[in-house]
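I have placed the structure first, in the form of structure tokens, so that the comments after it can refer back to it.
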2 protein chains.
Amino acid sequence: MCDLIVKGDLILKRAEFIGESIDFLHKYTMKSLQKTAEEHGVTIPQIRVIGDVYAHKTVSIKQLSQNLKMTQSTVSDIVDRLIAKKLLVKTPNQKDKRLVDISLSPRLAEDIDESIAELTNQSLVAVLDLLDPSEQEAVEKGMKLLVSAVKEKMLAEGMDNHNFIDILYFSEKDKRGK
Amino acid sequence: MCDLIVKGDLILKRAEFIGESIDFLHKYTMKSLQKTAEEHGVTIPQIRVIGDVYAHKTVSIKQLSQNLKMTQSTVSDIVDRLIAKKLLVKTPNQKDKRLVDISLSPRLAEDIDESIAELTNQSLVAVLDLLDPSEQEAVEKGMKLLVSAVKEKMLAEGMDNHNFIDILYFSEKDKRGK
DNA sequence: ACACGATACATCGTGCACGATTTATTTTAT
DNA sequence: ATAAAATAAATCGTGCACGATGTATCGTGT
């Protein structure tokens, strides 16, 4: 009402902006990848799964869910659809019959295009290219700060972070003991 | 393999890190809000809708979809569920019979808790509080850079941004002319 | 007055995403 | 060796999210 603004208000505005930004960036990356993906007749999550199977040659549902940070049920669903599309095959593991070995279908293993496996952040590369190095560093620095603050809070409030928080720990140069 | 790293590789690493960060932050904000939300027996998108209805007293589906950056069908679904929960009511607009007036149900309008409408980025405020002002600024700066780069790219490739890109234009101090 | 395009909303189909539960198998503790 | 705990997948139910399509209603142009 008057132009005396409390300190809390600034933080609130910042939080709002950052919240919207996260949402915006998330939607953008999804939408952007989606176009590339659907040229191949698949979706983004499907490409991510394929990429991980490709990288590991053979994986279990559990491993996929850890690598891609999705629940097992989600992964299970996606894998099913990819099998229906004849892009993946599922064979029971001999060592441990609870496990299931997921691998590329012979057909896909041939013309894997190499690109399909790694186009995951194709669009973000192009975006970063629009910024000069110092700006890119500013972006990265901001992200790191925010992410580490979020992780701190998650730990503080004991947020169940089973296979969730452990993602970005490598990005820092220092990876000294937990 | 050797430690001579091409420039492109750095950008690629950055893109990967930023991509994962966006995903991480998105999941975190979702998860974090969800806890607060489900204490009230609703979901995050539902709270967002309620918040917007509360703020505008009466809105159409179209308006909601613009404010919340969701498609009309998504909003329509959510509103339906909220009506089923007796939290919203729907009355046909008299001026224009194509429109539908969405408003809070009398019951909800009473104990609207005031908090429920504005807890949207509650958790991010707490996160920012863990950073000192200069760090917060760094985060904000990084976000702004990234967001504006993304917007630039979207415009460049004529990405259909009907009610999608216009979001974060206000965050800057300059808001001159539409 | 009437046809035509635009608009607002609802509906349908698909896929993602998660939690909860179930089933089969392995591991462990006794 | 057997019961009990633990683990890996699958399955079910719910909700979000979107595009495509259908259905009224409104506005215009002629």
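Quick caveat: nothing in here was measured; it's all calculated off a predicted structure. Naming convention: chains lettered A, B, ... in sequence-line order (proteins, then strands); numbering from 1 in each chain. Hydrogens, waters and symmetry mates are skipped; everything else that's a heavy atom, side chains included, is used.
Distances shown here put every side-chain N or O of K85(A) at or beyond 4.0 Å from the OP1 or OP2 atom of dG15(C). Using a 4.0 Å cut-off, no side-chain N or O of S76(B) falls inside it from OP1 or OP2 of dC9(C). When the side-chain nitrogen and oxygen atoms of S60(B) are compared with OP1 and OP2 of dC9(C), one or more of them lie within a distance under 4.0 Å. Close to dA8(D), at under 4.0 Å from its OP1 or OP2, lies a side-chain N or O of K62(A).
For dG19(C), its base sits under 3.5 Å from the side chain of S73(A) at one donor and acceptor pair at least. Between the side chain of Q72(A) and the base of dA9(D), at least one donor-acceptor pair of N or O atoms lies under 3.5 Å.
Residues E137(A) and S134(A) have side chains that never bring a donor and an acceptor to within less than 3.5 angstrom of each other. Counting only N and O atoms by type, the side chains of Y28(B) and K151(A) include no donor and acceptor under 3.5 Å apart. Under the 3.5 Å distance criterion, with hydrogens and angles disregarded, no donor-acceptor pair is assigned to the side chains of T29(A) and S32(A).
Among the heavy atoms of the strands lying under 4.0 Å from T43(A) are primed sugar atoms or P, OP1, OP2 only; no base atom is included.
Computed from coordinates, the M30(A) CE to dA17(D) C1' distance equals 12 Å when rounded to whole Å. Following rounding to the nearest Å, Q34(B) (CD) and dG19(C) (P) show an atom-to-atom distance of 7 Å. To the nearest angstrom, C1' of dT7(D) lies 16 Å from NZ of K97(A). If you measure from atom CG of L64(B) to atom P of dA8(C), you get 13 Å, rounded to the nearest angstrom. What separates CG of D80(B) from C1' of dT11(C) is a distance of 10 Å, to the nearest Å.
With distances taken from any side-chain atom of D77(B) to the nucleotides dG19(C), dC18(D), dA17(C), the minimum falls on dC18(D).
Nearest heavy atoms, L99(A) versus S60(A): CD1-CB, 4.0 Å.
The side-chain heavy atoms of V100(A) and T91(A), taken from C-beta on, include no pair separated by under 4.5 Å.
Mapping K90(A) and R98(A) onto DNA chain D by nearest heavy atom places R98(A) closer to the 5' end of the strand.
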